[in-house]
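The next block holds one structure in the form of C-alpha cells; read it before the comments.
The shown structure was predicted, so the numbers you read here are calculated from the model rather than taken from an experiment. We're numbering straight along the sequence, starting at 1.
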Amino acid sequence: QMIGANWLPTIDDYVNPNVFSDENKGEPVRTIAEQESDPYPHNIETACYYNYYKEYDDNDEVLVDWDVQASGYNISDYSSSELRPCTILQRNNNAKYTAQMHNGMETEDKIPEDQMHVAENVPREAITFVGIILTSDVFLEGVFRQIIGVPDGFFPKVWMNML
C-alpha cells in the first residue's frame with residue numbers, strides 16, 4: 001500500500017486568494033453594499049495599499065485623499081507591510097474608490113483602535129484580494145493531517161519500547 005494513498009483534499013468552497021486576485025484584476029471591486037447580495041468567497045477579503053502616518057493620531061476620524069497621500073508613489077513602490085484589509089465603501093465615477101482602512105496581522109504601523117481611517121480616490125490597482133486570516137488551504141479539514149501509514153517492522157524493535 002502506498003503511504004498516504006487514502007488522502008484526498010477537501011476543497012468545498014475554498015478559493016485560492018492569489019488565483020482569485022489574478023482572475024479579477026481590473027474588474028470593478030464590489031462595495032460593502034454590493035457584497036450583501038453578491039458576496040466574495042468566504043475566505044477572501046479586500047486589501048488596500050495604504051500608508052498610515054502617526055501625525056493622524058490626534059483625530060477620531062481621518063479622511064485622506066489617496067492621490068495626495070501617495071503622490072510620488074507607484075503601486076510597485078509599496079511593500080506588503082503597507083497592504084492592509086480595507087472595506088470598499090463606494091465606487092466613484094472616476095473608477096476610484098472610497099475605502100475604510102483596517103489593521104492587519106502583519107501591518108507594521110497600526111491605526112489606533114479608536115480611529116476610523118477612510119481614504120478617497122483609491123485607484124483600482126491599489127486594491128487586491130487576500131485570504132482572511134486562518135482561512136488558507138492549510139486550515140481546511142483533512143489537508144495534510146492524515147496519519148502516515150508505516151508498515152510493521154519499519155522501525156527497529158529497540159525503538160518500539162521507548163515510550
Side-chain angles (χ1 to χ4, degrees), residues 7-146:
W7 178 81
L8 292 173
T10 306
I11 302 294
D12 294 332
D13 55 356
Y14 173 78
V15 176
N16 182 304
N18 295 326
V19 172
F20 188 83
S21 191
D22 288 344
E23 289 174 350
N24 288 278
K25 201 170 269 210
E27 293 292 320
V29 180
R30 296 179 208 134
T31 66
I32 191 71
E34 291 168 336
Q35 289 182 54
E36 287 180 22
S37 62
D38 189 12
Y40 287 120
H42 73 92
N43 65 298
I44 302 286
E45 69 181 340
T46 51
C48 299
Y49 287 100
Y50 177 76
N51 283 320
Y52 167 73
Y53 296 109
K54 296 206 182 301
E55 298 86 58
Y56 299 144
D57 281 353
D58 296 334
N59 304 317
D60 292 337
E61 190 172 312
V62 177
L63 181 63
V64 175
D65 186 325
W66 198 94
D67 284 339
V68 172
Q69 188 215 35
S71 67
Y73 271 94
N74 292 318
I75 297 302
S76 60
D77 294 333
Y78 281 89
S79 71
S80 61
S81 67
E82 295 163 310
L83 185 64
R84 59 179 69 235
C86 62
T87 302
I88 306 302
L89 304 174
Q90 182 179 335
R91 184 175 42 254
N92 305 319
N93 291 337
N94 59 358
K96 293 192 176 184
Y97 298 82
T98 300
Q100 180 179 352
M101 303 299 163
H102 308 285
N103 290 321
M105 293 287 289
E106 297 177 14
T107 308
E108 287 180 10
D109 295 321
K110 300 284 188 188
I111 297 169
E113 288 186 28
D114 60 344
Q115 256 185 15
M116 184 168 130
H117 274 245
V118 176
E120 295 180 315
N121 296 315
V122 180
R124 172 61 182 91
E125 57 270 14
I127 304 169
T128 190
F129 298 97
V130 296
I132 295 173
I133 194 79
L134 300 180
T135 63
S136 76
D137 53 0
V138 299
F139 294 101
L140 293 174
E141 189 174 316
V143 176
F144 302 114
R145 302 293 187 266
Q146 296 294 329

Nearest 0.5 Å, what's the [atom1]-[atom2] distance between [X] and [Y]?
X	Y	atom1	atom2	result
Ile88	Thr98	CD1	OG1	9.0 Å
Ile111	Gln100	CD1	CD	8.5 Å
Cys48	Glu125	SG	CD	11.5 Å
Arg30	Asn24	CZ	CG	7.0 Å
Ile127	Glu27	CD1	CD	13.5 Å
Glu34	Gln90	CD	CD	10.5 Å

Among Arg84, Glu113, His117, side chain to side chain donor-acceptor pair (under 3.5 Å) partner for Asn103: Arg84

Does the side chain of [Y] come within less than 4.5 Å of [X]'s, by heavy atoms?
X	Y	value
Phe129	Thr46	yes
Val130	Glu45	yes
Tyr50	Cys86	no
Glu23	Val15	no
Tyr40	Val29	yes
Tyr97	Pro28	yes

Which one of Lys96, Arg91, Met101 satisfies the side chain to side chain contact (heavy atoms under 4.5 Å, CB included) criterion with Val122? Met101

Under 3.5 Å, side chain of Lys110 to main-chain N/O of Gly104, donor-acceptor pair present? yes

